[in-house]
Structures are given as C-alpha cells and as structure tokens.
Amino acid sequence: MRRVMLWLCAAAVLLPVALLALYAVCARWPWPAPLPQSLSLRGIQALLNADVRGTLLSSIGYSLGSALLSTLIALPAARAISFYNFAGKRAMRAVLLAPILLPSTAFFIGLQTLFTRLGIINTALGVMLAHIMVILPYPIWTLCDMMQSVGRTMEEQARTLGASPLRAFSAVSMPLLLPACVSVTALGFLISFGQYFLTLMIGGGRVKTFAMLVVPYIQSGDRMLSAAFSFAFILAAGTVYGVMDAVLRKHSGARPPTRGSLV
Amino acid sequence: MKRAAPYIMLLPVFILVCMLLVSLADSVLQSLGYFPAAGLTSFTFAYYKEVLGSLALRDSLLYSLYLSLVSALLSVALGVALSALLHASARAEALVYRLPIAMPHIVVAFLVIALLSQTGLLARLAYALGLIGEPGAFPLLTQDKAGAGVIAAYVFKQAPYVMSVVVLLMRRVSSTCGEAARVLGASPRKAFFYVTLPLCMPAVSTAFIIVFAYSFGAYELPFLLGATLPRAFPVQAYTEFLSPSLLHRPYAMVYNALMLLFGVIFIALYLVAFKRLMRYNKAVYA
Amino acid sequence: MNRLELKNASIAYGRQPILQAIDLQIQEGEFFSLLGRSGCGKTTLIKAVAGLLPLYAGQLLLNGQDAGNLPPEKRRASVLFQDVRLFSHLTAEDNVAFGLRMQGMGREQRRQQANAMLERVGLGGLGQRAVDTLSGGQQQRVALARAVLPGPSILLLDEPFSSLDMELRTAMRALVKSLHSHMRLTTLLVTHDVGEAMLLSNRVAIIDDGRICCCAAPRDLLGDPKAAPYLSAWKDEIRAQSNLLGE
C-alpha cells in the first residue's frame, strides 16, 4: 500500500516536469491531439540566446550572493538568540516571523516605498537587500535549532584548554554547523531564484532575473517558450542545489534535516 | 564589551528589522492620509471609510479568504496524510517533497495551465476518452471564480511543505508514544488517531497558519491563475498601487494596512500555537 | 503455567542477531530479571516480547500459545519504557486509563479505576494534572500505573529506574515489588544494575555476548562459578560500603 502511494506521489511530481520537457520542444500541439504534432528547437534556441544566458548567469550570481550573505548574517544572529539574553528578545522572535507571516504583497509594496526614498530602488543592491530580507528567517530559524542542539559545552571545554572564543567556535562548533549552513544557503538560493513579484517591485524593469523572463511568456500563452524557460529554471535551480548537496554529502556523509520553505 | 556582544552580533539583522518596521509604518501613515510627497499632510480616516465601504474590497477580501482557507485546509490534510503513510521510510518522503519545494510558484502556475486549462492535458485526455467534444465542454479550472487552478497550484506547493514540517516529528512521536499506545492495546489505526496525530497537532497547526498566511498575501498565483473578477486581495492592492496618480496612493495603502493587520493576527496566532508546540516537544523529546 | 517462554530464540536489531539461542521460561507470578551490560540487547528482547520487533528465529510463547505473529495490541504484555513516554495531550488520569479505554470500558468506570490506581501508586488527587507539569518521579509512577492497570499477562520493565536519583529509585523499586506481590503480576525486569536484580527477583538470568550464561535464584547465583565474573564488582562494592558502615 505504501509503495503504491509512493509511486503515485512520485508520478504526481515527476509527470508535470516531464510535461514541461515535452512542451518545451513542441511547435504545434493543436487541440485535440494527445501528442504534439511537430517538434521544434525554437524554444531551446531562445534559451541559448546570449542575452538569456547572461541573465541566467547573473540571476544565479545574485541569488547565490543573497543566500550567502543571508547565511553569514544569520550565523551571529542565531548565536545571539540561542545563547544570550538581551533586551527585546521576545519582540525579536515575533519580528523574525514577519517576512514569513506578513502578506508578502504588503511587505513588498512597503519595501518599494522605502527603497524609493533610500534611493536604492531599481538597483541590484536594492534587489539583493530585499531578497535577503525575505530569506533571513529561514537560516536564522534553522541555525538556532542546530546551535541549540549542538550546544556550547564542547566550546567551553576548548576554552578551558586555552583556546580563544573565536578559535573555540571555529574549530569545534563550526564543523558541526557547516552542513546546516550549506543546506540553508541552498534553500536561500532557491527562495531568491524563484522570486518574481519582489524583483519586479524593487528592481523595476532594470534588474532582470531569470524568473522575470518566464512570466511574459506565460501571460502571452506561448506554451513552448514558457515550458522551455520553466524547464531551464528547474534545471538551473536543481543543479545549484544538487551541487551544494553533493558538497554536503562529501563533507559530512549525512544530510541534516531542514524544514522546507514555502516561498 | 562582553555585555555588548549579542547586540553587535545582531546588528545587521537589527538594521534590516528597522528597515522593515519603517516601511510598515510608512504604509500605515500613508493610509491615514499622510503623504508629503503628494502634498497630503493631514491625518484622516476618510480613505479607510471609503475603501472599507467599497464592494471591490469586500469581494476581493472574501475571495482571498476563501482561496487561502480552502488551499490551506487541503494542503494540511494532504500533507498530514502523506506523512502518515510515508513516515516509516526516510528516503521516501524526501523524494516527494524536495522537487515541489524547489519549483518556483510561477512554474507551478504554468504547469497548472498546461494540465488543467480547457486545452490542457486533462482536457485532451477527456476528449480521447470520449467524455467531451470540444474545449469549452471541459470545466473552466483556470481563471475561474472558484479559483480551482489557484487552489491546485497552492496545494501542489504547500502539501509537500507541510509534509516536510510534520514528517520528522511524526516519525519520532510514532516510534515513542505510538509504540507505547500499541502495547497498551491500541491497533495501529487507533494508536495513530488517539496518540500520534494529537501529539503532532501543534506542529500541524503552526504549518497551517504559515500556509494560510502565505496564500492569503502572495501575488504571483492569483495574478497568473485567478479570475479577473473578483480580484484576489493582493492583486487588488497592487492594482490600486499602480494607479498613476500619487493622490490615489492612500487608497492602495489602506489595502496594505489591512493586509498588515491580518499579518499581525497571523503572527499572534502562530506564537500561541508555538507555545503549545514547545510544551509537547519537551515531553516527546524527553 | 509458563507466562512467557522463549525457545531457541534469536533476536536481531537491524540485520545481525544480537541475541542468540535464548531459552527462557517465566512462570506465573514470578519476578524475573535479566542482567546484562549496556548495549547487550536487553531492550531488544523486551521489544520482541512485546511484539514491537519480530523474532529472527525461534519461538515465542505467551500463556502457552505461539505469539510470534501476534501484533502488540493483542499480546497483553505491558511495557514500562526507559523514556517513560507519557501522552502529553492527556491528563494523568486519561493516561492511566488508556489501556482500559482500548479494551472498550466505559468512561466513568475507567476514571474510577484510574484514580484508584493513581492512589495506589501514591499520586492520589493528581488525576486531572497535565503530565508535563509532574516531576520525573511522578511521571514514572503514572507510567507504571498506566502499564499495570489493564491487567497485563506480563509486565515488562526496560531499565525504568536508571534515570532516577537514589531516593526515588528505592521508592519505585518498593512500589514495583508491592504491586507485583499484591496483584500477582508476572514481571520481567531488564537492567544493568546487579543489586536491583538480586534484591527484587525470584530468579535472575545473566546475558553475556548475546547468550544467557546462567540463570538461577539470587542465592544460588551467588554460588554459581559461571556468574562470578559478573557479580564480583558488585560484591566488592557491597563489601566496601558495609566496611564504611562498620558492620
């Protein structure tokens, strides 16, 4: 029974992707033919266009950058939240939930007005900053969990043996946290790479990400190009994610459990 | 210096948090009529009165609440069911939920169109099976009033997310308290419904709140798949925001402020559910 | 009658059998202990007897009937787990009454019996409390009450006292022993604590290297040369302690 369910789920998830691949290469698929009438490489050619490739690479760059920065910011923050008491700790908890629980449209419109005033609207910096704000709750959340379960006792041991606080952290705790850091960065990458509305709001038309290339095709009903770009999207995201995963596995041999994200 | 440590570590986050709060405050101020850039400098509730009385608001609010509620309920039900069926083996679940989580919403929107539209794959299948004669005979599932396409897309993304949150916990609970229930005479089904599931409920309810909040406030899916009328709340808000006249901005900000109000309610509900979660967690992980 | 009988049983945890060629008979009303080092497979044996793990080889008989394929809920073998495992969404009373509820007993009747049992274990009046507000020792008692109330054929104790401090441990041992005598409860205790096994049991078996090396009443075990290596450390400690007390 369990196997049946498993196959059903795998099918429910993989068939749509196969469908994408099919649509990506079909030129004519008029109603009501069950299979495409003719194939075409126009979609793939459009993908290989120099501009498109450029956008793809720069998008990957922006997203990796945002994800890395988010993880770097999250590390000390998670440590502060896990092990220290400070004024406003409880308020911080609620605020960190905001990017997840506040309606994103309101959040993004608000950011748009603010960034306009700050003069970073329509810039790559503005877009990355906005992405970081959206990503942050996830690495902080996950790293807090990890840090709390790893604890400080081993670091404290290292301290008694004469290590400086920084050394104790980097030599003892960091290796244990590294897998979580990598997987959380991968998640951040996925979140950032998939953003459409946010990049539209903050980047105007100026900052082009790969996600933004797909939407006009979907709206115009051009299924072939929509599918080609969508498939490339999943492929790119999956590859970056897979590379990080492989690095993780090689390093630690195990995958730490992370909750997924909705975004 | 030592005492300052946490504050220093939190500095970047703090700056971003301040930016967040300022932008929210800005929205609220503008909704109250304070928008110097457009020459509006007096506070008033007039905009609120007008928007709250309008049909457009009422319709889009009800429509969004309906869409979020239905998709959240279905996602949670499906996510929990999948967790219940698949939690016994670790690799199984990863297979199911990793891919949808990696797919952005816009791609899922396209998939829904490709599958469920009147010229989509399912429609063609129906034709091949002799069930319908022409595209128009296939039920309208995208850009329809019932929001079937939107709901389907949300469930496709959200059920795996719920599963990812619940399955680990369920495995742990089942192998401890679930086992205890079995030796006390409970059949596998009874052990699940009387013990394992109730103990997972706090986690399930936090997942529900997150999923509900997200689908309520997100723009992409209702924009690509939703009906043109009524517009979902986020789409309506953005439409108002795009108005060329700056004097119209306060109207859009009323929409924003209302969304923020809902957001605050969601946060409060979440914190309550989370407390319960922590209580159960201690016992389960003891 | 033999409540529990294992014939040439092998039990595996994963692929490899941890316990092999286990022959065991526990009689009705007996208090039997299984002694062994940590990690020797004692918990695995409990799980196999309770039905949570299948036997790798051999036979398991409960009340004279082959129980190898019987699911746990049909075996009437209660377990007191090391990690307690109380249901934190239920009150103490509902926890204790759980077994009776599974047997189909009505609400009022279960409540009465549960509260009576809580009284019996020294927690009278605490029925309505949420279990996570109780102390560790109190939680153990609730778990014990819960395991005992449904009237199991055999009570299995999986090192239940190792996390308790000395005072609580002594109290719990006394409680278990008293329940055992009054209710004529067949009991199987697995532990690594030699003193506990020797003091509480009618018979003790020692597990070594996956097999039972000796099995006898405590007094006889003291004289058994095969048991000597396992008991020597304990004997030394007792001698040291009694020297300290000047007896």
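Numbers restart at 1 for each chain; the letters A, B, ... are given by sequence-line order, proteins then strands.
- Residue contact with chain B, scored on non-hydrogen atoms closer than 4.5 Å, involves the backbone and the side chain of A:Ala211 alike.
- Only the side chain of B:Phe216 comes within less than 4.5 Å of a heavy atom of chain A; its backbone N, CA, C and O stay farther away.
- Under the 3.5 Å distance criterion, the side-chain polar atoms of A:Ser230 are left unmatched by any main-chain donor or acceptor of B:Val107.
- Heavy atoms closer than 4.5 Å to chain A are found in the side chain of B:Phe223, but not in its backbone.
- Pairing each heavy atom of A:Cys9 with each of B:Leu82, the nearest pair is SG-CD2, 3.3 Å.
- Neither the backbone nor the side chain of A:Leu15 comes within contact range of chain B, judged by heavy atoms closer than 4.5 Å.
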Checklist entry - Could you walk me through whether B:Met259 and A:Leu102 pass the side chain to side chain contact (heavy atoms under 4.5 Å, CB included) check? => result CA-CA 8 Å; B:Met259 279 198 279; A:Leu102 284 184; over 6 Å; no
Item to check | Steps toward side chain to side chain contact (heavy atoms under 4.5 Å, CB included) verdict (B:Val13, A:Leu96) | outcome: CA-CA 9 Å; B:Val13 173; A:Leu96 281 176; 4.3 Å; yes
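- For the pair A:Val215 and B:Glu220, the minimum side-chain heavy-atom distance is 4.5 Å or more.
- Ring planes of B:Tyr238 and A:Phe197: perpendicular class, angle over 60° (limits at 30 and 60°).
- Only the side chain of B:Met253 has a heavy atom closer than 4.5 Å to any heavy atom of chain A.
- The side chain to side chain contact (heavy atoms under 4.5 Å, CB included) test with B:Met9 is passed by exactly one of A:Phe83, A:Tyr84, A:Phe86: A:Tyr84.
- For residues 218-228 of chain A, every residue pair satisfying the side chain to side chain donor-acceptor pair (under 3.5 Å) rule, not counting sequence neighbours, is listed here: A:Tyr23-A:Arg223, A:Arg223-B:Ser117, A:Arg223-B:Thr119.
- At a 4.5 Å heavy-atom cutoff, B:Ala25 makes no contact with chain A through either its backbone or its side chain.
- Ranked by non-hydrogen atom pairs under 4.5 Å with chain B, the options A:Ala87, A:Gly194, A:Ala80, A:Ala106 are led by A:Ala106.
- Of the atoms belonging to A:Leu19, it is side-chain heavy atoms, and not backbone ones, that fall under 4.5 Å from chain B.
- A distance of 11.0 Å separates CD1 in B:Ile15 from CE in A:Met133, rounded to the nearest 0.5 Å.
- Interface remark: A:Ala78 contributes no atoms to any contact with chain B (heavy atom separation under 4.5 Å).
- Taking the side chain as every heavy atom from C-beta outward, A:Phe107 and B:Leu20 approach each other to under 4.5 Å.
- Looking at A:Ala74, neither its backbone nor its side chain comes within 4.5 Å of chain B, counting heavy atoms on both sides.
- Counting non-hydrogen atoms of other residues, nucleotides and ligands closer than 6.0 Å to CZ of A:Phe169 gives a total above 12.
- Contact between A:Leu101 and B:Ala213 at its shortest, heavy atoms only, is O-CB, 3.6 Å.
- Contacts with chain B were tallied for A:Ala186, A:Ala227, A:Gly238; A:Ala227 has the most, counting heavy-atom pairs under 4.5 Å.
- Interface remark: A:Phe115 contributes side-chain atoms only to the contact with chain B (heavy atom separation under 4.5 Å).
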Item to check | Residues B:Tyr219, A:Met201; criterion side chain to side chain contact (heavy atoms under 4.5 Å, CB included); working and verdict | outcome: CA-CA 11 Å; B:Tyr219 177 81; A:Met201 282 253 90; over 6 Å; no
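- Here the straight-line distance linking atom CD1 of A:Ile100 with atom CD1 of B:Ile209 works out to 12.5 Å at 0.5 Å rounding.
- Proximity of A:Val95 to B:Ile267: side-chain heavy atoms (C-beta onward) are nowhere separated by under 4.5 Å.
- Interface remark: of the candidates B:Phe156, B:Tyr270, B:Phe14, B:Phe233, B:Tyr270 forms the most heavy-atom pairs closer than 4.5 Å to chain A.
- Side-chain atoms of B:Ser23 do not come within 3.5 Å of backbone N or O of A:Leu114 as any donor-acceptor pair.
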Next on the checklist: Show, in sequence, the C-alpha distance, side-chain angles and deciding distance for B:Ser27 and A:Ile109, and conclude whether the side chain to side chain contact (heavy atoms under 4.5 Å, CB included) test is met.
Outcome noted: CA-CA 8 Å; B:Ser27 294; A:Ile109 291 181; 5.6 Å; no
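- Only the side chain of A:Phe233 comes within contact range of chain B, with at least one heavy atom under 4.5 Å from a heavy atom of that chain.
- With a 4.5 angstrom heavy-atom cutoff, B:Leu260 touches chain A via backbone and side-chain atoms both.
- For chain B, the nearby part of A:Ile140 is the side chain; its heavy atoms alone come within less than 4.5 Å.
- The candidate from A:Leu97, A:Leu14, A:Leu198, A:Asn85 with the greatest count of non-hydrogen atom pairs under 4.5 Å with chain B is A:Leu97.
- The two residues A:Pro103 and B:Gly263 have their closest heavy-atom pair at CD-CA, 3.7 Å.
- The structure places CD1 of B:Ile101 at 8.0 Å from CG of A:Leu187, a figure rounded to the nearest 0.5 Å.
- The contact between A:Leu111 and chain B is made by backbone and side chain atoms together, counting heavy-atom distances below 4.5 Å.
- With a 4.5 Å cut-off on non-hydrogen atoms, B:Tyr255 does not touch chain A at all.
- B:Phe110 has its side chain within reach of A:Leu20: a pair of non-hydrogen atoms, C-beta onward, lies under 4.5 Å apart.
- B:Leu10 places none of its side-chain heavy atoms less than 4.5 Å from the side chain of A:Pro76.
- Looking at B:Leu271, only its side chain comes within 4.5 Å of chain A, counting heavy atoms on both sides.
- You'll find the side chain of A:Leu190 stays beyond 4.5 Å of the side chain of B:Met103, heavy atoms only.
- Between chain A and the options B:Ala252, B:Ala268, B:Ala257, B:Ala102, the largest number of non-hydrogen pairs under 4.5 Å is found for B:Ala102.
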